[in-house]
Amino acid sequence: MAGKTLYDKLWEAHVVREEPDGSTLLYIDRHLVHEVTSPQAFEGLRLAGRKPWRGDSVLAVPDHNVPTADRDKGIADPVSRTQVETLETNVTSLGLKFFPMADVRQGIVHVIGPEQGATLPGMTVVCGDSHTSTHGALGALAFGIGTSEVEHVLATQCLWQKKTKAMQIRVEGELRPGVTAKDVVLAIIGRIGTAGGTGYAIEFAGSAIQSLSLEGRMSICNMSIEAGARAGMVAVDEKTIEYVRGKPQAPSGELFDKAAEYWRTLVSDPDAEFDAVVEMDAAEIAPQVSWGTSPEMVAPIDGRVPDPAAESDPVRAEGMKRALEYMDLQPNTPMTEIRPDKVFIGSCTNSRIEDLRAAAEVVKGRKKADNIKLALVVPGSGLVKQQAEQEGLDRIFLDAGFEWREPGCSMCLAMNADRLEPGERCASTSNRNFEGRQGQGGRTHLVSPALAAAAAVAGHFVEPSALKEA
Amino acid sequence: MQAFTVHKGIVAPLDRSNVDTDAIIPKQYLKSVKRTGFGPNAFDDWRYLDPGEPGMDSSQRRINPDFVLNQAPFDQASMLLARKNFGCGSSREHAVWALTDFGFRAVIAPSFADIFFSNSCKNGLLPVVLAEDEVQALFEQVEANPGAQVEVSLEEMTVAAPDGTVFRFTLDEDRRHRLLNGLDDIALTLQYADDIRAYEERQRSEWPWMAEHSQG
Ligand code: SF4
């Protein structure tokens, strides 16, 4: 009999009940909650006279609507304010753990989960948010759910699920200098497409993935959903265990050692069989820039905008044409000639300390280009912000003419005041380049923090190594 | 949840693949704390020419005459036909609420994004997966004959095209049962409360750090 995949192990450890047709009641260890997808769930619970099954599994935080400037003035938009206040009322009335906007631990839900040790290896983690896959970087089974499921987890601590197929994406070899986790995941999506992982749980493996820090692994797992997969994960190794050690909600002392012993088993067995395997050569991955309105529409920085006329599949060609029209780009334009108006460094993909360091390294001693109207740096959490300030990164950004803001989702989806105006083009470290995602009519190019920073100082896309000496 | 057994109605052809949930309901409307009222803003960026904000009276806005849902008889459609990977992107269930609030009972496409698929089953919106050539055939028929009625039966798991062709689809038995009967998921799950408690007992002995330290 073949060995077990990491996914098999995580799944089997959480089965409460299995029906003959394979429908499985799966136990949920951690339930992360934010203000946008939870109000209707709490209302449903209340209307049915139900209580949370295990309140201590919840960690709630406002992140999507929060302002990133002038926090002391509160939230100006009354609709946003109501939503954030509704979250606060809902969770405090039930005694659930909550980091309000003024708490230094507040931040994007997918940044604070691992940061607090609220997400641990071996857990099942859910949140009413598709980027919950991020937490899989710790060797957890983490996936996004809808609001009805949020209510279901609150009420029962479980979800009905069917086991999906398992895909392994192996990236072997050494990444070229300047190529980051973000480039790897964009290249993967470019290769398998936005539906390539639909119906699968993806395990990212191979020496290039193992060489990444936990932050890098989080950037990769974060975008599993952009490849169509609800869950992405990376096997536990010593880096994972060291990452978790000492985190506020992690076990300590003997219990930690006992846990670590178990966590070390959270790897796919050598003879495990996957339903699909994708292999990639790390050395072939270049820094990526997206050119269209779907995350699979990417090109290497030294490449060009593709030509729909060269596409044989008519449905695809039509999609490309529509995307280029929306993005206002001509086929065959070199990527390095594209000039953004704004730059956004942040989001649950790339707002951790390592991301800010990478961006600051490029920015150091340089200035924002004149054509860049705004270069926004939004740390993923209050603690990331604090750490960055201790390292002096805020000064580097401010001296270069960037803005240094308070933590939140910000211009990743523009539910707060940070957004693109119609027609504006943005180099963004976020994860979605859909039409209007960063503001109606806005045009998004997905890139790594280093590339976003380089675009901000050069005024066009460019490899950081090609910038003039600072 | 509204049960789904058989439904007959007009199908609107939305000839796009990768229709994402940001397009189905743009973010500014996610600020609502209710489940209802999203219908007028379904496909807001495509449907209207002026930018929309919550609280606006949609009947006063400039509509985009080129968008299919603004064209008779598709403004009366109760089913949507689209290309592959429908509902990709954000997990927002508001996308499903916007479609049901508009009046849709079913979406027919060659494939759906996983979270959207699960969300729609929980709200009585039937996601129907047909083969690409079957979807193509439906596109051709409804475009040639816009008011024609299509009948979707979850009981039989069939789609009857205007020309009488019958296409078959499948849905897993569990979801089908819940949809056919409009069942409340939570009440069903709570029948297994003892199993859940037994699992928690096991977790406490095998993985004692899981719950004990969760209070931080
Ligand atoms: S940063 Fe963006 S993608 Fe991440 S949770 Fe917030 S809105 Fe969603």
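Quick note on labels: first sequence line is chain A, next is B, and so on, each numbered from 1. Just the heavy atoms: all of them, side chains too, but no hydrogens, waters or symmetry mates, feed the values below.
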So what's closer than 4.5 Å to chain A heavy atoms on [X]: side chain, backbone, both or neither?
X: B:Asp195; value: both
X: B:Phe112; value: backbone
X: B:Lys34; value: backbone
X: B:Asn85; value: side chain
X: B:Ser17; value: side chain
X: B:Asp174; value: both
X: B:Asp15; value: backbone
X: B:Thr189; value: both
X: B:Ala198; value: neither

How many angstroms lie between CE in A:Met123 and CH2 in B:Trp209, if you round to the nearest 0.5 Å? 10.5 Å
Interface residue of largest heavy-atom contact number with chain A, from [options], under 4.5 Å:
options: B:Arg202, B:Met1, B:Glu200; answer: B:Glu200
options: B:Ser111, B:Ser32, B:Gly89, B:Ala187; answer: B:Gly89
options: B:Gly52, B:Pro54, B:Ala193, B:Pro26; answer: B:Ala193

Walk me through whether B:Lys27 and A:His64 qualify under side chain to side chain contact (heavy atoms under 4.5 Å, CB included). CA-CA 10 Å; B:Lys27 68 214 138 220; A:His64 285 62; over 6 Å; no
Would you call the rings of B:Trp207 and A:Tyr262 parallel, tilted or perpendicular, taking 30° and 60° as the class edges? tilted
How are the rings of A:Trp160 and B:Tyr192 set relative to one another: parallel (under 30°), tilted (30 to 60°) or perpendicular (over 60°)? perpendicular
Let me see the working for A:Thr293 and B:Asn18 under side chain to side chain contact (heavy atoms under 4.5 Å, CB included), right down to the final yes or no. CA-CA 10 Å; A:Thr293 53; B:Asn18 300 315; over 6 Å; no
Give, as side chain, backbone, both or neither, the part of A:Ala229 having an atom under 4.5 angstrom from any heavy atom of chain B. neither
Backbone N or O of A:Ser148 within a donor-acceptor pair of the B:Glu93 side chain at under 3.5 Å? yes
Electrostatic pair A:Arg50-B:Asp184, nearest N-O below 4.0 angstrom: yes
